[in-house]
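Please read the structure below before turning to the comments.
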Amino acid sequence: MPQLEFLIKCGVYGLMGLGIIAAVGAVLLPNLFHAGLALAFVLVTIAGIFMSVGAEFLGMVQILLYVGGVMTLIIYTIMLTGRLGAKDVRAQNRQGIFAAIAAGFFVCWIGPLILKTGAWPQRESDSAPPLLSVEDLGMSLMTEYVFPFEVLGVLLFAVLIGAIVIARQDRPS
Amino acid sequence: MIIPLEHVLLFSLILFAIGMVGVLTRRNAIGILISIELLLNAVNVNLVCFSRVSEDPMAGQMFAFFVIALAAAAAAVGLAIVVAIYRTRNTVQTDEIQLLKW
Amino acid sequence: MVTANLAYLIPLFPLLAFVINILFGRYVKDKACWISVGASALSCGIAWPLIVGVIGGTTYHHDFAWLALGGVDLKFGYLLDPLAATLLFVVTLVGTLIQIYAIGYMKGEARFSRFFAYLSLFMFGMLGVVISDNFLLFFMCWEVMGLCSYLLIGFYSEKDSAANACKKAFLTTRVGDVGFLLGILALFTLAGTLSFAELHDAVELNRDSQLMITVTALLLFCGTIGKSAQVPLHVWLPDAMEGPTPVSALIHAATMVAAGVFLVARAYPLIEASAQAAQVIAIVGTVTALTAACVALTATDIKKVLAYSTISQLGYMVAAMGCGAMVAGIFHLMTHAFFKALLFLGAGSVIHGTGTQDLREMGGLFPKMKSTAWTFLIASLAIAGVPPLAGFWSKDEILLAAHQYGNLYYYALSLTAFLTAFYMFRLFVLTFLGKPRNPDIHAHESPKSMTGPLWVLAVGSILVGLPGSFLAHNWFQDFLNRGHEVEHPVNYTVMITSIALGLAGIALAFLLYRGGLGMGEKLARSLAWPHRVSMNKFWIDEAYAAWLVRPWHALARLLFGLDAKVVDGAVNGTGAGTLGGSRVSGWFDKYIIDGTVNFIAAFTQFCSDIFRLFQTGFIQNYLLIVFAAVVFILYFGIR
């Protein structure tokens, strides 16, 4: 179904375009709260891209963890630290022009390199790539990747404690 | 793949560059954290797309999975630090936190 | 030999007492005396059983290598043979008694603990000399004694006369000690050993080098001349009487000066091997005995009389050594230690009781100081050679030896014996008999701690000669001569002559001085010339002053002039030159060196003023630079 495929292609490119616009917004918007919302939007578009390339589970994780968890955290922090969107406070520091030049140079150099490299591995869409089921991922996590998985568990535990300790209000001794 | 790999790579490149600009220019520490999330997501896009075309699709997804978990951890610690700094110095503007200045 | 190695402790107790008294003197204060006496008593306690062992026939000897010189070990150790045992007996007994006496004599003195500290140090040196088994250790302890002698003579150093006397004593004995040290070196060259035990064999082996033996013996004898106050180095001993009286008794009568005689006894194998050396020693001894006795005739200071008497008696002993009668010399040393210590302590008691040392102011003390007078009488009889007191037996032995050696020596020594009896009883009569000549003096008897030792020594003076008399079959001589049989000739002519001379001297003294000073002065006027000789001590001090001291001063003045003109000139010239040089150097320092340093500092500051600008303290700056650098490097790296 070439029409459907075309529509999907259009949808994906559209997601990418929206994502980039939202990312620019996340970086440049002077109001942090708006920036946070923009970030959330970027994350959602990326989740969509994940799903379009066959990583549905990862897309769900992205939405649950990032949009649900990290964003909540960020927005909480923004509210905690106050001075939201104060007009007189500049959002950017004074080296923006240099940063832009460096990043622009980076893109202008790497982008053509990517396009010029013709030999990217391609997989035909109808050659039916094995879609990874959630079961496969679960099995893999509990077998092949069990060690990194456990280490990650310990790390998250440490982070949990560390974050609490750092952010905790010091009791007046 | 529905779209060619190089286009996805370009997307992630641009996303990364935008994130980088954000990291370098945001005055607010939370803004920097937001930009860092962008960087990490750009990387994740790369990983997932490569996994799609590689012989072992599991590795890329696992990496992305771990990166997401670590990003969450980094966000948690980083935001805790921001809160702590805000509490002691009453600001989160990075150019006002410069004890090492000459 | 566990018990025998205790001998090392004998000198160490007094050393310990010295350390305690010198370091903690201000805390122990009046108890210092008990520390010293206790240490001496402990030494006695260890020494006497060992002496008994020596009498029983053993010889204790132990040594250890102290210093390895090439193939030769210098050893330290002790040697307790009959000779050492004799001295050990005398030194521990007399030393302890005199220290007990000093408790009473020195009571209330400032520097009381200092005094006993020195006495203990002296005991350490003396005991070390006695038990040492080689010349080197002997010499070291000998010098310790010399030091103590110096310190104690100058004990009242606020008095000029005492300060001068101690300097004189130290320097004069030093002359002899230099000879002694050279003698030790010569002996080492000659025999290759310094040990007393090996000396005899070593000398026998080198019998051929007669000249070397003689030189060595005479060099060693120099030590005796200095320490035992023999002519011509005897001048220090009379002046040494400036020290407190117990010091005079202990050091300058009983023990230290006798160490010189002990040295001759230790070096005796050398002297036996060299007839010339023996003759020199005999001559020196005899001359000393006679001249000192002559000077003692006219001395008016009670301690000076005793000092000259000591010199004279030491001359006796040395002469005996020279005449080949080592045993007789040591015998006399022992008896003399007792009665001369007694005389000095008696004199000290008199001085303590009357407050004067001048014979002309004393007189009639007998009823007031009974103990002192009786013990003094015993000692005087002993030194005068009245049998059966100690002095008689030993002096008789010496006269006998001199009789066999040569008539001249015999006559001189006999004359000395007569003079000795005379001046001792002149002293006794003037001090104790007759009427008090100075009504201002209110004499009183001394305390028990002083008279007690007097009586012990008096008993000693009576008894100590008996073991060497023919009554005891000359046991003492056999003891000292252990290992070889010696005949003990009894010459009644010599003996009776000696008794007669002694009694004659005593009688003459009574006759002349019974009525006070008058007769004596009349006699002095009629014998003006000999009297002046005696009064002026043969002008020996004056001779030294004229022929040694004055040229020395002249030389010193000359050298001083030289110093002032030439050496000081050179020094000042050097100083001026240095000053000039340092000005130049200072300018160079200030402008070139400092300039360079300052320039470097300024340059560094200039550079850092630039470079510190990079340190913005602003993390995003750093991050930007890192990012740009990574991109830059990748860009050029990948192309």
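Below, chain A is the first sequence line, B the second, and so on; all start at residue 1. All values derive from a computational prediction rather than experimental measurement. Because only heavy atoms are used, hydrogens play no part in the values below, and waters and symmetry mates are left out as well, while side chains stay in.
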Query - Under 3.5 Å donor-acceptor, Gln95(A) side chain and Leu24(B) backbone - result: yes
Query raised in the report: So which of Leu70(B), Val77(B), Val21(B), Ile34(B) has the largest heavy-atom pair count under 4.5 angstrom toward chain A?
Result: Ile34(B)
Query raised in the report: When rounded to the nearest 0.5 angstrom, what distance separates CD1 in Ile36(B) from CG in Leu39(A)?
Result: 11.5 Å
Considering only distance and modelled atom types, tabulate donor-acceptor pairs under 3.5 Å from the side chains of residues 10-20 of chain B, sequence neighbours left out.
unit_1, atom_1, unit_2, atom_2, d
Ser12(B), OG, Leu9(B), O, 3.1
Ser12(B), OG, Asn46(B), OD1, 2.8

Report summary line: Tightest non-hydrogen contact, residues Ala80(B) and Ala163(A), listed as CB-O, 3.4 Å
Query - CG-CG distance between Leu43(A) and Leu40(B), expressed to the nearest 0.5 angstrom - result: 10.5 Å
Query - Heavy-atom pair with the smallest gap, counting every atom of Asp136(A) and Met58(B) - result: O-CE, 3.7 Å
Query raised in the report: Going by heavy atoms in the side chains, are Phe66(B) and Val151(A) under 4.5 Å from each other?
Result: no
Query raised in the report: If you tally heavy-atom pairs under 4.5 Å against chain A, which of Val83(B), Ile32(B), Val23(B), Ile30(B) wins?
Result: Ile30(B)
Query raised in the report: Of the backbone (N, CA, C, O) and the side chain (C-beta and beyond), which part of Leu73(A) lies under 4.5 Å from a heavy atom of chain B, both, or neither?
Result: both
Query - Contact origin within Ile74(A) toward chain B - heavy atom pairs under 4.5 Å - result: both
Query raised in the report: Closest heavy-atom contact between Thr25(B) and Gly96(A)?
Result: CG2-CA, 3.3 Å
Query raised in the report: Is chain A contacted by the side chain of Met62(B), its backbone, both, or neither, given a heavy-atom distance below 4.5 Å?
Result: side chain
Requested in this report: Work out which heavy atom in Ala35(A) is nearest to a heavy atom in Arg26(B); give both atom names and the distance.
Outcome: CB-NH2, 3.3 Å
Query raised in the report: Is a donor on one side and an acceptor on the other found under 3.5 Å between the side chain of Arg52(B) and the backbone of Phe50(A)?
Result: no
Requested in this report: Find the one option among Val159(A), Leu115(A), Thr117(A), Ile110(A) whose heavy-atom pairs under 4.5 Å with chain B are most numerous.
Outcome: Val159(A)
Query raised in the report: So what's closer than 4.5 Å to chain B heavy atoms on Val24(A): side chain, backbone, both or neither?
Result: both
Requested in this report: Can you tell which part of Leu160(A) gets under 4.5 Å to a heavy atom of chain B, answering side chain, backbone, both or neither?
Outcome: neither
Requested in this report: Enter the distance from Leu141(A):CG to Gln61(B):CD here, rounded to the nearest 0.5 Å.
Outcome: 10.5 Å
Query - Proximal component of Ile49(A), with respect to chain B [non-hydrogen, under 4.5 Å] - result: side chain
Report summary line: Minimal heavy-atom distance between Val48(B) and Ala55(A), with the atoms involved, is CG1-CB, 3.8 Å
Requested in this report: For the residue pair Gln62(A) and Asn44(B), confirm or rule out a side-chain donor-acceptor distance under 3.5 Å.
Outcome: no
Query raised in the report: So, do Val12(A) and His7(B) sit near enough that their side-chain heavy atoms are less than 4.5 Å apart?
Result: no
Report task. Return yes when atom CD1 of Ile97(A) has more than 12 non-hydrogen atoms of other residues, nucleotides or ligands closer than 6.0 Å, and no otherwise. Result -> no
Query raised in the report: In Å and rounded to the nearest 0.5 Å, what is the CG to OG1 distance from Asn41(B) to Thr45(A)?
Result: 8.5 Å
Requested in this report: Give a yes or no on this: more than 12 heavy atoms of other residues, nucleotides or ligands lie within 6.0 Å of atom OH of Tyr145(A).
Outcome: yes
**Report entry** Portion of Leu65(A) that has a non-hydrogen atom of chain B nearer than 4.5 angstrom
**Finding:** side chain
Query raised in the report: For Phe157(A), does the CZ atom sit with more than 12 other heavy atoms under 6.0 Å from it, leaving out its own atoms?
Result: no
Report task. Give, for atom CZ of Arg168(A) and atom CZ of Arg87(B), the distance between the pair rounded to the nearest 0.5 Å. Result -> 10.0 Å
Query raised in the report: Looking at Ile164(A), Val61(A), Leu58(A), Val70(A), which one has more heavy-atom pairs under 4.5 Å with chain B than the rest?
Result: Leu58(A)
Query raised in the report: chain B heavy atoms under 4.5 Å from Tyr76(A): which part of the residue, side chain, backbone, both or neither?
Result: neither
Query - ring pair (Phe, Tyr, Trp, His ring centres under 6.0 Å) partners for Phe98(A), two or more places apart - result: none
